Amino acid sequence: MSEEIKGFKIPTAWRIKRYYFFILLTIMALVLPWIEVNGSHFFLLSFDKLKLHLGFVQFDMQELYLLPFLLMMLFLGIFGMTVMGGRVFCGWICPQTIFRVIYRDVIETKLLKLRKRIKNKQLEPDMSIAQNKIKRAVAILLWVVLSFVASANLIWFFVPPEDFFAYMSDPFEHMILLGTLVSSALFLIYDIVFLQEDYCIYVCPYSRIQSVLYDENTVMALYNTNRGGHIYNSDKEKVFTKQKDLQAVEAHAECTACESCVTVCPTHIDIRKGLQLECINCLECVDACTVVMGKLGKPSLVTWSSEYEIIDKKGKTKYFRPKIIAYIVLLIGIAVAMIIMGSKKENMLLNINKENRLYSVHKESDGRVVVENAYEFLLQNTQNKTLNFYFEVILPQGLKGTLEIEKPKDSFDVTPDVKKKKIVVLRTYDKLADDSRHDTIIPITIRAYAVGHEGEIEVLRESTFTYPREDILREAK
Ligand code: SF4
Ligand code: SF4
């Protein structure tokens, strides 16, 4: 797609590359919520089912220790990306930018011809013309439809599509979901149609923090003052509007003062003024100047490069500098920690609480003394199918005797995601301790498992069995 003018090869426009990337991101965002592996989604934070699905593995809300790792990775990733490539997130990934391209460039410009050219984003349509008013209404109507699709798509990462459509078949029974859908769609309509790039300039908090992350090697859209000349003075005042005036001061200045890089800018700034908070790194100005200078057989005066390389002429941009390496090491470290923690995920959940009464002691008809301890087990089946569970009691090594499970006698079924309470009674006829003054606390281990899935779906929990002092055993009736 690159073309050659006067022997100078004009590279493929960044705009086209961004469009392909936007299409890829949009397809991924729309398709990912529909993909399920063994009933699990790639990413789903379900508040109604208290589940986190991550990488097609389900985690229970008690296991949400993974969420801080994800947030750390997200923030570190964006910070690292900013140190390396400026507001590259804004230009290439941010939904706001993608939506504005769809609304302004695709709907208003290409489809309805309400705007004249994609290359002039600053020229607003003449809204006194009746035909333009109709076109604007049609554009807004189309965007209303797309806003609802985009809002639904966002919700699918919190309410999976299968549940979303089931709930929406009876919307007034699910007012919170309906309210979220409508309010986020209304926000998108206001944001994209009326607020426009003012969101990026005044509302988005990211634009406030980005400048402190920049260094001389940060890659961004940059005007080459060494080649182009100084259009603005040191007080950021525009001093030249014509090339001949500029060349009277700087004879070598190549900037033609055509302002193609200015009119194309969606945030209405002049890149020749230097780094500005409003720049979203969309690289449209790079494309514009590439065409202008390409026609003269020269490379663009505005490039995606660093001050280190273009302005200070110190050499090639240093991509792998200590700051970037630190971000990469931190990100890898957190990812490894998350994978290790995730792999230790338990395939069932079990909480054990001992009853307030320490024990009960009584004599059986055959004269044997039996000691019982009771517990409350709270068990949750985190699998997708109903499973049959039971327990085993493990006594400390070297302790003679046995502990029997008096209750429940048999294994029992637990349906997925249901927390089941079970009163468990352990008993012994054996003399587990011999203390005349104190009760003896014996550490025990409970192995709970899904019958038929031993070794795979099982957990170990530490607890205690209280054995009474001798006089209590003697007095047992
Ligand atoms: S100056 Fe304007 S056109 Fe150039 S990258 Fe920044 S926002 Fe885009
Ligand atoms: S597009 Fe290039 S030549 Fe034209 S004004 Fe901008 S920097 Fe100068």
Side-chain angles (χ1 to χ4, degrees), residues 5 8 10-11 13-19 21-22 81-82 85-94 96-101 104-105 109 117-123 196-202 204 206-207 210-211 214 218-232 236 238-247 249-250 252-307 310-311:
I5 303 173
F8 183 78
I10 298 181
W14 287 110
R15 182 167 59 87
I16 305 298
K17 292 176 188 166
R18 282 167 66 234
Y19 286 172
F21 196 64
F22 290 169
M81 209 192 291
T82 310
R87 277 180 91 165
V88 68
F89 175 84
C90 306
W92 291 77
I93 302 168
C94 180
Q96 165 84 14
T97 307
I98 300 177
F99 294 159
R100 280 293 295 154
V101 165
R104 181 196 54 224
D105 296 348
T109 313
R117 296 157 66 224
I118 284 180
K119 288 178 181 163
N120 192 341
K121 301 190 200 311
Q122 303 208 358
L123 182 67
Q196 306 176 358
E197 274 72 24
D198 279 353
Y199 180 89
C200 317
I201 299 167
Y202 303 112
C204 179
Y206 177 49
S207 72
Q210 41 132 356
S211 55
Y214 284 9
T218 299
V219 175
M220 60 188 121
L222 266 183
Y223 168 69
N224 188 340
T225 46
N226 296 321
R227 276 183 54 216
H230 294 80
I231 303 288
Y232 287 80
K236 304 275 178 197
K238 195 171 186 176
V239 282
F240 296 110
T241 52
K242 293 196 175 100
Q243 189 183 28
K244 67 174 173 33
D245 296 337
L246 175 65
Q247 284 180 336
V249 181
E250 293 179 67
H252 68 279
E254 293 174 44
C255 177
T256 63
C258 67
E259 305 238 323
S260 294
C261 56
V262 183
T263 53
V264 79
C265 178
T267 59
H268 298 201
I269 58 170
D270 187 341
I271 191 67
R272 298 171 301 170
K273 204 173 177 180
L275 171 64
Q276 290 148 87
L277 275 185
E278 295 86 345
C279 176
I280 57 167
N281 230 339
C282 67
L283 307 178
E284 297 261 6
C285 52
V286 178
D287 291 341
C289 194
T290 301
V291 173
V292 172
M293 296 309 286
K295 285 177 184 161
L296 303 172
K298 296 177 181 176
S300 177
L301 296 173
V302 189
T303 47
W304 196 19
S305 189
S306 68
E307 287 187 355
I310 293 294
I311 313 288

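Numbers for residues simply follow the sequence, beginning at 1. Note that ligands are numbered from 1 as they come in the structure, with each ligand's atoms numbered from 1 the same way. All of these numbers come straight from a predicted model, not from anything done at the bench.
In the candidate list Cys289, Ser300, Ala288, Cys261, Cys289 is nearest to atom 2 (Fe) of ligand 2, counting heavy atoms. For atom 8 (Fe) of ligand 2, the choice among Ser260, Cys255, Ala253, Cys265 with the nearest heavy atom turns out to be Cys255.
Near Ile271, meaning under 4.0 Å from any of its heavy atoms, are these atoms of ligand 1: 1 (S). Residue-ligand proximity, Cys285 to ligand 1, at heavy-atom distances under 4.0 Å covers atoms 1 (S), 3 (S), 4 (Fe), 5 (S). Shown in contact with Ala221 at under 4.0 Å from a heavy atom are these atoms of ligand 1, numbered in order with element: 5 (S). Close approach of ligand 1 to Asn281 is summarised as follows: ligand atoms under 4.0 Å from at least one heavy atom of the residue are 5 (S), 6 (Fe). Near Ile280, with a cut-off below 4.0 Å to any heavy atom, the atoms of ligand 1 are 6 (Fe), 7 (S). Ligand-side atoms of ligand 1 in range of Thr267: 7 (S), range being under 4.0 angstrom from any heavy atom.
The backbone N or O of Glu254 lies less than 3.5 Å from no partner atom in the side chain of Arg227, so there is not a single donor-acceptor pair. Side-chain atoms of Glu278 do not come within 3.5 Å of backbone N or O of His268 as any donor-acceptor pair. Distance alone, capped at 3.5 Å, places no donor-acceptor pair between the Asn224 side chain and the Leu301 backbone.
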Pair His230-Glu250, side chain to side chain donor-acceptor pair (under 3.5 Å): steps then yes or no:
CA-CA 8 Å; His230 294 80; Glu250 293 179 67; 3.2 Å; yes
Any chance you could lay out the salt bridge (Lys or Arg N to Asp or Glu O under 4.0 Å) test for Arg272 and Glu259, step after step, and finish with the verdict?
CA-CA 10 Å; Arg272 298 171 301 170; Glu259 305 238 323; 2.8 Å; yes
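Taking the six-membered ring where the residue is Trp, Trp304 and Trp92 present parallel rings, their angle staying beneath 30° rather than reaching 60°.
With a 4.0 Å heavy-atom cut-off, ligand 2 is reached by the side chain of Arg272 but not by its N, CA, C or O. Contacts between Leu283 and ligand 1, counted as non-hydrogen atom pairs separated by less than 4.0 Å, involve the backbone only.
Distance from atom 5 (S) of ligand 2 to its nearest protein heavy atom, with residue and atom name: Glu259 N, 3.2 Å. Protein heavy atom in closest approach to atom 6 (Fe) of ligand 1: Cys279 SG, 2.4 Å. Of the protein's non-hydrogen atoms, Cys258 SG, 2.3 Å is the one closest to atom 4 (Fe) of ligand 2.
Partner of Lys121 under the side-chain contact (heavy atoms from CB on, under 4.5 Å) criterion, chosen from Pro266, Cys282, Cys265: Pro266.
In summary, Arg100 and Glu284 do not engage in a salt bridge, as defined by a charged side-chain N under 4.0 Å from a carboxylate O.
Side-chain contact check for Arg18 versus Thr97: some heavy-atom pair is nearer than 4.5 Å.
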